[in-house]
Amino acid sequence: MVRQLRQVPPRVARALACACAGALLIAWSNSAAAQDGSADPREHSELDATVFAPFHAARGGRVTQARSSQSRTFIVRLSYPDEGRPHAVRWTLTLSGPGPQGAVLRRWSGTEQVDAGGTSMNLPWDGRADADARERRVLAPDGLYELRLLAVADAGTPREAQVVQQWQIAVQRGASTAPTVPAFQAGLQQLSRLDGQPGYRIVYANLHSQTRHSDGGAPLDACHGAQEPQTAPFGPIDAYQYAQDHGLDALLTSEHNHMYDGSDGTNPAATPAEAKALYQTGLAEAAAYTAAHPGFLALYGMEWGVISKGGHLNIFNSDQLLGWERNARGELLADVETPKSDYAALYALMRARGWIGQFNHPAYAGQFLVDGQPLGYTPDGDAAMVLCEVMNTSAFSSNDEETETRRSNYEAACNRALAAGYHVAFSSNQDNHCANWGAAYGNRTAALVIADAADAPLSREQLFEALRARRVFATMDKHAQLLFTANGRLMGERFDNQGPLHLATSFSNSAGRQAAAVAIFHGVPGGNGSVTPVSDQAELTVLPAAGAHFYYARLTQDDGNIAWSAPVWVNQLP
């Protein structure tokens with residue numbers, strides 16, 4: 001397939017200077033376009049929709065008959081950075097509750113013409129349960145409520161041009177009814193099976209970002225989206241230094257695998273040697289930075305795939321560049337050929353090579369297709385894929401104060417992967433394209449890494465062992481510590497069980513935040529069914545039916561930030 005040729009690096013411009021190369025380019029482009037009949041959209045041209053929902057009502061302000069003390073304004077933001085045309089986007093925002101089975105109380109909807117510049121709607125809520133202007137006396141009772149945003153682009157756009165977002169808000173007029181949650185450290189010490197073993201260290205990482213090696217690395221004052229590949233000033237070493245200076249323990253720069261030719265499309269004049277050498281340069285820079293900075297782990301990998309008719313996933317530990325693009329001479333612009341959007345084949349290769357991956361910002365429908373099924377399951381994929389991004393900040397945020405309000409929730413898609421049979425833990429990253437690696441918000445992917453000492457240097461092998469064990473929690477707050485166990489078995493584990501199953505959640509926050517709510521969820525791996533809350537308390541004892549189950553905990557802090565544990569997978573014996 002051929003996309004419009006974009007700005008290319010200087011070395012490519014020099015290669016195109018001769019007339020013969022120019023003629024070759026024209027012939028190659030015309031031939032490929034004729035075979036395909038259309039051009040692929042460039043990356044990051046899909047619908048983006050977020051809703052900002054203040055968890056608590058603002059304090060102060062005048063309370064009137066038409067405005068309760070729980071009034072607040074929700075902000076829906078839509079953008080569609082498609083170069084071709086604006087799109088009509090239909091959106092609906094519903095407010096339901098209290099509790100997960102609560103009725104829909106309010107509904108807002110509309111259709112907007114949306115382009116790359118985007119648009120936003122301010123939707124005031126008066127804090128009341130009824131929408132009828134003649135019945136303004138019914139206040140919404142205390143409790144947790146859910147906002148659900150559904151945005152769908154006009155006909156003719158891919159199925160992934162549908163976005164679902166879900167966030168919680170709190171209504172609290174009386175005394176707090178927050179659940180009691182045991183402290184994290186106490187919970188860890190209660191794991192008797194860890195006696196005599198090395199301790200665990202929590203590593204707070206951002207496992208999804210870009211630099212000038214692909215379409216990231218732009219300075220904050222000039223960053224307004226994805227960059228033309230290999231044109232921005234800041235590369236991996238700049239990213240590692242920035243992330244370390246901002247308190248992260250680890251950063252993965254995950255460059256788009258199909259941009260090593262210096263193009264968002266296919267550059268017919270690119271050379272395989274240069275593409276492969278750039279990938280090796282990134283690996284070497286990460287290793288050198290880690291060696292020179294023992295308190296920080298620098299990682300380099302790739303973001304494989306395309307959004308349209310595909311889906312992005314990160315491969316953390318490949319020492320080879322994977323790709324499908326060829327230059328005008330028919331030469332593969334990668335080390336290993338991987339057919340575009342063939343996820344079953346990619347999973348098989350990853351499993352054979354021992355590579356592990358992460359589903360990046362997964363859409364609920366239209367992505368990671370296997371036999372036509374979104375997030376379709378294969379045993380190879382189950383072995384290779386270890387993480388699923390449950391929450392991200394905006395990929396194009398230029399915020400460097402950890403206050404970005406454009407945040408996306410992918411819990412529904414990750415639950416679909418779990419219900420399909422994938423053994424994935426939740427992760428939370430930033431997908432930074434601007435030069436603010438890890439600083440857009442306080443969200444992190446946290447891994448419990450086995451370490452002989454808390455201050456011992458962290459190695460790639462230690463982190464990857466924790467990821468393979470799914471010993472991970474995702475958090476919107478870098479100060480949070482979350483632990484989930486089942487009969488003393490640590491989150492991420494798979495085990496047989498007979499008799500009662502005791503599920504326990506432990507939580508702490510070094511900045512003093514408290515738990516506002518907790519939910520324990522249950523699903524059946526491979527059943528492709530729903531994932532439902534089974535408790536609103538930190539601990540629960542159940543007697544599961546015979547067969548396979550998974551459970552995980554989601555804890556909401558008193559500021560609205562959320563932490564998700566990895567699941568435990570239980571095979572209940574009769």
Side-chain angles (χ1 to χ4, degrees), residues 44-58 61 64 66-97 102-133 136 140 144-171 224-225 361 363-364 391-399 403-412 440-441 476 560 562:
H44 307 296
S45 62
E46 68 276 4
L47 172 65
D48 183 50
T50 61
V51 56
F52 173 62
F55 186 65
H56 290 294
T64 67
R67 181 183 182 277
S68 82
S69 62
Q70 293 300 307
S71 298
R72 65 200 82 181
T73 297
F74 310 130
I75 304 174
V76 172
R77 298 188 179 96
L78 307 171
S79 68
Y80 207 133
D82 184 345
E83 294 180 343
R85 59 182 176 87
H87 291 267
V89 177
R90 294 177 288 111
W91 62 272
T92 301
L93 181 70
T94 55
L95 174 68
S96 60
V104 174
L105 304 180
R106 293 290 183 92
R107 179 179 283 106
W108 299 262
S109 62
T111 299
E112 309 294 332
Q113 292 294 320
V114 181
D115 58 16
T119 187
S120 64
M121 287 72 68
N122 292 341
L123 308 174
W125 178 52
D126 57 12
R128 300 178 186 271
D130 62 296
D132 193 329
R136 290 294 188 184
L144 284 183
Y145 292 75
E146 182 179 272
L147 276 173
R148 183 177 187 271
L149 172 67
L150 172 64
V152 181
D154 52 13
T157 55
R159 288 194 67 195
E160 56 262 33
Q162 305 177 25
V163 178
V164 177
Q165 293 289 295
Q166 293 171 284
W167 295 106
Q168 293 177 310
I169 64 168
V171 171
H224 305 290
H361 42 72
Y364 183 80
M391 177 266 163
N392 271 353
T393 46
S394 169
F396 307 133
S397 171
S398 59
N399 188 306
T403 55
E404 179 58 64
T405 58
R406 293 172 296 164
R407 305 189 292 263
S408 296
N409 183 309
Y410 306 103
E411 189 169 359
Y441 200 67
M476 294 173 63
I562 301 171

**Q** Begin from the C-alpha positions of Asp126 and Arg106 and carry the test side chain to side chain contact (heavy atoms under 4.5 Å, CB included) through to its verdict.
**A** CA-CA 11 Å; Asp126 57 12; Arg106 293 290 183 92; 2.9 Å; yes

**Q** Give the minimum heavy-atom separation between Asn122 and Thr73, together with the two atoms involved.
**A**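 So the two residues come closest at CB-CG2, 3.9 Å.
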
**Q** Determine the minimum heavy-atom distance between Gln113 and Ala88, stating which atoms define it.
**A**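 It is NE2-CB, 3.5 Å.
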
**Q** For the residue pair Ser120 and Ile75, what are the closest heavy atoms and their distance?
**A**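 Taking Ser120 first and Ile75 second, the nearest heavy atoms are CB-CG2, 4.3 Å.
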
**Q** Without swapping roles, check the side chain of Arg72 against the backbone of Phe55 for a donor-acceptor pair under 3.5 Å.
**A**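 Yes, the answer is positive, given that a donor and an acceptor are paired below the 3.5 Å cut-off.
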
**Q** Can you name the closest pair of heavy atoms from Ala153 and Tyr80 and give their distance?
**A**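 For Ala153 versus Tyr80, the nearest heavy atoms are CB-CE1, 3.6 Å.
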
**Q** Say you draw a straight line from CG of Leu78 to NE2 of His87; how long is it, rounded to the nearest 0.5 Å?
**A**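 Separation between the atoms: 12.5 Å.
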
**Q** Rounded to the nearest 0.5 Å, how far does OG1 of Thr92 lie from CH2 of Trp108?
**A**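 With rounding to 0.5 Å, CH2 (Trp108) is 11.5 Å from OG1 (Thr92).
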
**Q** Evaluate the side chain to side chain donor-acceptor pair (under 3.5 Å) criterion for residues Gln166 and Glu146: first the C-alpha distance (whole Å), next the side-chain angles of each, then the deciding distance (0.1 Å), finally the verdict.
**A** CA-CA 7 Å; Gln166 293 171 284; Glu146 182 179 272; 3.2 Å; yes

**Q** Can you name the nearest heavy-atom pair linking Ala49 to Ala151, along with the distance?
**A**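 So the two residues come closest at CB-CB, 3.8 Å.
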
**Q** For Leu123 and Leu93, run side chain to side chain contact (heavy atoms under 4.5 Å, CB included): C-alpha distance rounded to whole Å, both residues' side-chain angles, the deciding distance at 0.1 Å, then the answer.
**A** CA-CA 9 Å; Leu123 308 174; Leu93 181 70; 3.6 Å; yes

**Q** Take Glu404 and Ser397, measure what side chain to side chain donor-acceptor pair (under 3.5 Å) needs, and give me the verdict at the end.
**A** CA-CA 7 Å; Glu404 179 58 64; Ser397 171; 2.6 Å; yes

**Q** Could you measure the distance from the NE2 atom of His224 to the OG atom of Ser398? Nearest 0.5 Å is fine.
**A**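 Rounded to the nearest 0.5 Å, the NE2-OG separation comes out at 8.0 Å.
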
**Q** Between the side chain of Arg406 and the main-chain N/O of Ser394, is any donor-acceptor distance below 3.5 Å?
**A**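 Here the side-chain-to-backbone pair does not exist.
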
**Q** Would Trp91 and Val163 count as a side chain to side chain contact (heavy atoms under 4.5 Å, CB included) here? Give the steps.
**A** CA-CA 9 Å; Trp91 62 272; Val163 178; over 6 Å; no

**Q** Is there a side-chain contact between Val164 and Tyr364 in this structure, where contact means two heavy atoms from C-beta onward sitting under 4.5 Å apart?
**A**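 Answer no - side chains too far apart.
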
**Q** Answer whether the closest heavy-atom distance between the side chains of Met121 and Phe74 falls below 4.5 Å.
**A**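 No; the side chains remain at least 4.5 Å from each other.
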
**Q** Under 30°, 30 to 60°, or over 60°: which ring-plane class applies to Tyr145 and Trp125, parallel, tilted or perpendicular?
**A**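 Tilted, since the angle between the ring planes falls between 30° and 60°.
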
**Q** With rounding to the nearest 0.5 angstrom, report the CG to OG distance, Asp115 to Ser79.
**A**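 The CG atom of Asp115 sits 9.0 Å away from the OG atom of Ser79.
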
**Q** Show, in sequence, the C-alpha distance, side-chain angles and deciding distance for Ile169 and Leu95, and conclude whether the side chain to side chain contact (heavy atoms under 4.5 Å, CB included) test is met.
**A** CA-CA 9 Å; Ile169 64 168; Leu95 174 68; 3.9 Å; yes

**Q** Under the 3.5 angstrom rule, does the side chain of Gln165 hit a backbone N or O of Asn409 as a donor-acceptor pair?
**A**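 Looks like yes, one N/O pair under 3.5 Å.
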
**Q** Please tell me if the side chains of Trp167 and Met391 come closer than 4.5 Å, counting only heavy atoms from C-beta onward.
**A**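 Of all side-chain heavy-atom pairs linking Met391 with Trp167, at least one is under 4.5 Å.
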
**Q** To the closest 0.5 Å, what do you measure between CZ (Arg90) and CG (Leu150)?
**A**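 Arg90 CZ to Leu150 CG: 8.0 Å, rounded to 0.5 Å.
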
**Q** Could you pull out the closest heavy-atom pair between Thr50 and Ser408, with the gap in Å?
**A**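 Thr50 and Ser408 have their closest heavy atoms at CG2-OG, 3.6 Å.
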
